[in-house]
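Only one structure is covered here, and it is reproduced in the block below.
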Amino acid sequence: MNRTNRKLPNILVSGTPGVGKSLMCRLLSEKTGLDWLEVSKLAIKYNCLEEYDEVYQCPVLDEDKLLDNMESIMSEGGKIVDYHGVDFFPERWFDIVFVLRTNNTILYDRLFERGYRGKKLSDNIESEIFEIITEEARASYKNEIVHELQSNTMDEAIDNVNRICQWIDQWTIDNK
């Protein structure tokens, strides 16, 4: 898959669960017309969920099967991929990567409201504290395409969408 053949960019939006990825992706998709791909929904659609993890209370993702199913979709361009993990997606798929970050107190409240408890809650809070997803993104993609965005409030989400729209406009000009 060659990036230069795409007429529209592919964007990866990542971050710890609860940082506002889905909200921002929905707003961005509505504003730009780019296709929002929720990896959790694709995993169900393509039957990519394996055994159940009792500790984290969720099914385990078959990453290879998911990637096989996403390959042709991603080659079209114009996709916003929404997922908390970054390190298994091919670098060639994305033109830019955004890692959303949230204040730990806000994140704790959001996750608790979702029913996260015990190890699942503490591991996700620690992931945010130690910037695990940011570090994975920087290790998996060229540093110049990885950007952190604060996502504590609705105003920040809207500002982030507007900034990304400006980036898309420039990408489109640069790749005509």
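The model shown is predicted, which means the values in this text are computed figures rather than measured ones.
- A search for salt bridge (charged side-chain N to carboxylate O under 4.0 Å, His left out) contacts involving Asp109 returns nothing, not counting sequence neighbours.
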Indicate every side-chain donor-acceptor pair of residues 130-139 with a distance under 3.5 Å to a residue at least two apart or in another chain.
| unit_1 | atom_1 | unit_2 | atom_2 | d |
| --- | --- | --- | --- | --- |
| Thr134 | OG1 | Glu148 | OE2 | 3.0 |
| Arg138 | NH1 | Asn143 | OD1 | 3.1 |

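- Here Tyr46 pairs with nothing under the ring pair (Phe, Tyr, Trp, His ring centres under 6.0 Å) rule; sequence neighbours left out.
- Taking Arg26 as the reference, Glu30 meet the salt bridge (charged side-chain N to carboxylate O under 4.0 Å, His left out) condition, with sequence neighbours excluded.
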Counting only pairs under 3.5 Å, give me each side-chain donor-acceptor contact of residues 120-128, with atom names and distances, residues two or more places apart or in other chains.
| unit_1 | atom_1 | unit_2 | atom_2 | d |
| --- | --- | --- | --- | --- |
| Lys120 | NZ | Tyr56 | O | 3.1 |
| Ser122 | OG | Gly118 | O | 3.3 |
| Ser122 | OG | Lys119 | O | 3.3 |
| Asp123 | OD2 | Tyr56 | OH | 2.3 |
| Asp123 | OD2 | Lys119 | NZ | 3.1 |
| Asn124 | ND2 | Lys120 | O | 2.7 |
| Glu128 | OE1 | Thr16 | OG1 | 2.8 |
| Glu128 | OE2 | Arg101 | NE | 2.8 |
| Glu128 | OE2 | Thr102 | N | 2.9 |

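- Taking the salt bridge (charged side-chain N to carboxylate O under 4.0 Å, His left out) definition, one finds that Lys65 meets it with nothing, sequence neighbours left out.
- Between Phe94 and Ile145 the shortest heavy-atom distance is O-CD1, 4.0 Å.
- Applying the side-chain hydrogen bond (donor to acceptor under 3.5 Å, both in side chains) test to Gln166 and every residue at least two apart in sequence or in another chain returns nothing.
- Partners of Arg117 by side-chain contact (heavy atoms from CB on, under 4.5 Å), not counting sequence neighbours, listed by chain and number: Phe112.
- Under the side-chain hydrogen bond (donor to acceptor under 3.5 Å, both in side chains) criterion, Gln150 pairs with Asn152, not counting sequence neighbours.
- Taking Lys21 as the reference, nothing meets the salt bridge (charged side-chain N to carboxylate O under 4.0 Å, His left out) condition, with sequence neighbours excluded.
- With sequence neighbours left out, the side-chain hydrogen bond (donor to acceptor under 3.5 Å, both in side chains) criterion links Lys41 to Glu38.
- Scanning for ring pair (Phe, Tyr, Trp, His ring centres under 6.0 Å) contacts around Tyr141 gives an empty result, with sequence neighbours left out.
- Counting only heavy atoms from C-beta outward, the side chains of Tyr83 and Leu61 approach each other to under 4.5 Å.
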